[in-house]
Amino acid sequence: MTNFDEAVYEVLRKVPRGSVTTYKNIANALNTKAYRRVGTSLKNNPYAPEVPCHRVVKNDGSIGGFMGHISGSTITKKIELLKSEGVEVINGKVVDFGKICWRG
DNA sequence: GCGCTTATCGCAC
DNA sequence: GTGCGATAAGCGC
């Protein structure tokens with residue numbers, strides 16, 4: 001896999017609606033440890049609707065979002081979308097995260 | 001229990 | 001060749 005990004009998108013696309021995954025989970029799926037690279041690749045997000053970067057959260061269930069820029073423009077709106085899918089996000093954290101945590 | 005530091009991997013400059 | 005970045009885990013206080 002030359003394109004790390006593409007691999008991330010592919011894995012993320014496998015995540016079913018109403019579930020969330022973590023950077024570590026994706027990195028693990030890719031058999032790598034570049035947790036940070038995963039998010040950075042999601043930042044590019046050329047497959048916006050197909051690669052829901054908002055569906056990816058930290059290993060703790062917190063959105064993390066953008067080094068703390070969350071409240072303002074990026075993730076916040078998408079959180080509402082997540083709630084529409086069945087993923088409830090409160091205070092920037094996924095509810096029942098450990099239950100909807102998707103794992104390959 | 002909370003906070004800070006170190007470790008890790010790939011990509012861009 | 002060096003630095004940086006949507007994290008993670010460990011150690012310290």
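A note on names: the letters A, B, ... follow the listed sequences, proteins ahead of strands, and every chain is numbered from 1. Computed from a predicted model, the values in this text were never measured in an experiment.
With hydrogens and angles disregarded, no donor-acceptor distance shorter than 3.5 Å links the side chain of A:Tyr35 to the backbone of A:Asn28. In this structure, A:Asn45 contributes its side chain and A:Val51 its backbone to a donor-acceptor pair below 3.5 Å.
In this entry the distance linking CG of A:Asp60 with P of B:dG1 reads 14 Å, nearest Å. For the pair A:Tyr23 OH and C:dG5 C1', the computed distance is 11 Å after rounding to whole Å. Put simply, CG on A:Asn28 is 17 Å from C1' on B:dG10, counting in whole angstrom units. Between the P atom of C:dA8 and the CG atom of A:Leu30 lies a distance of 14 Å, rounded to the nearest Å. Whole-Å rounding puts the A:Asn31 CG to B:dT8 P distance at 16 Å. Separating the CD atom of A:Glu6 from the P atom of B:dC11 is a distance of 12 Å, rounded to the nearest angstrom. The distance from atom CZ of A:Phe4 to atom C1' of B:dA12 is 15 Å, rounded to the nearest whole Å. Whole-Å rounding puts the A:Ile26 CD1 to C:dA8 P distance at 10 Å.
Below the 3.5 angstrom threshold, one finds a donor paired with an acceptor across the side chain of A:Arg37 and the base of C:dG5.
Picking from C:dA8, C:dA6, B:dA7 the nucleotide with the shortest atom distance to the side chain of A:Arg36 gives B:dA7. Of the candidate nucleotides C:dA6, C:dT7, B:dG10, B:dG10 has the atom nearest to the side chain of A:Ala34. Distance from the side chain of A:Lys58 is smallest to C:dA8 among C:dA8, B:dG10, B:dA7.
Across all strands shown, nothing is found opposite B:dT8 as a Watson-Crick or G-U wobble partner with both distances under 3.5 Å.
Dashed line: the shortest gap from a side-chain N or O of A:Lys24 to OP1 or OP2 of B:dT8 is not under 4.0 Å.
More than 12 non-hydrogen atoms from other residues, nucleotides or ligands lie less than 6.0 angstrom from CD of A:Glu85.
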Walk me through it: do A:Arg13 and A:Glu50 pass the test salt bridge (Lys or Arg N to Asp or Glu O under 4.0 Å)? CA-CA 6 Å; A:Arg13 277 178 79 178; A:Glu50 293 186 74; 2.6 Å; yes

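C:dA6 has its base syn relative to the sugar, with a glycosidic angle deviating from 0 by at most 90°.
A:Val94 has its side chain within reach of A:Ile100: a pair of non-hydrogen atoms, C-beta onward, lies under 4.5 Å apart.
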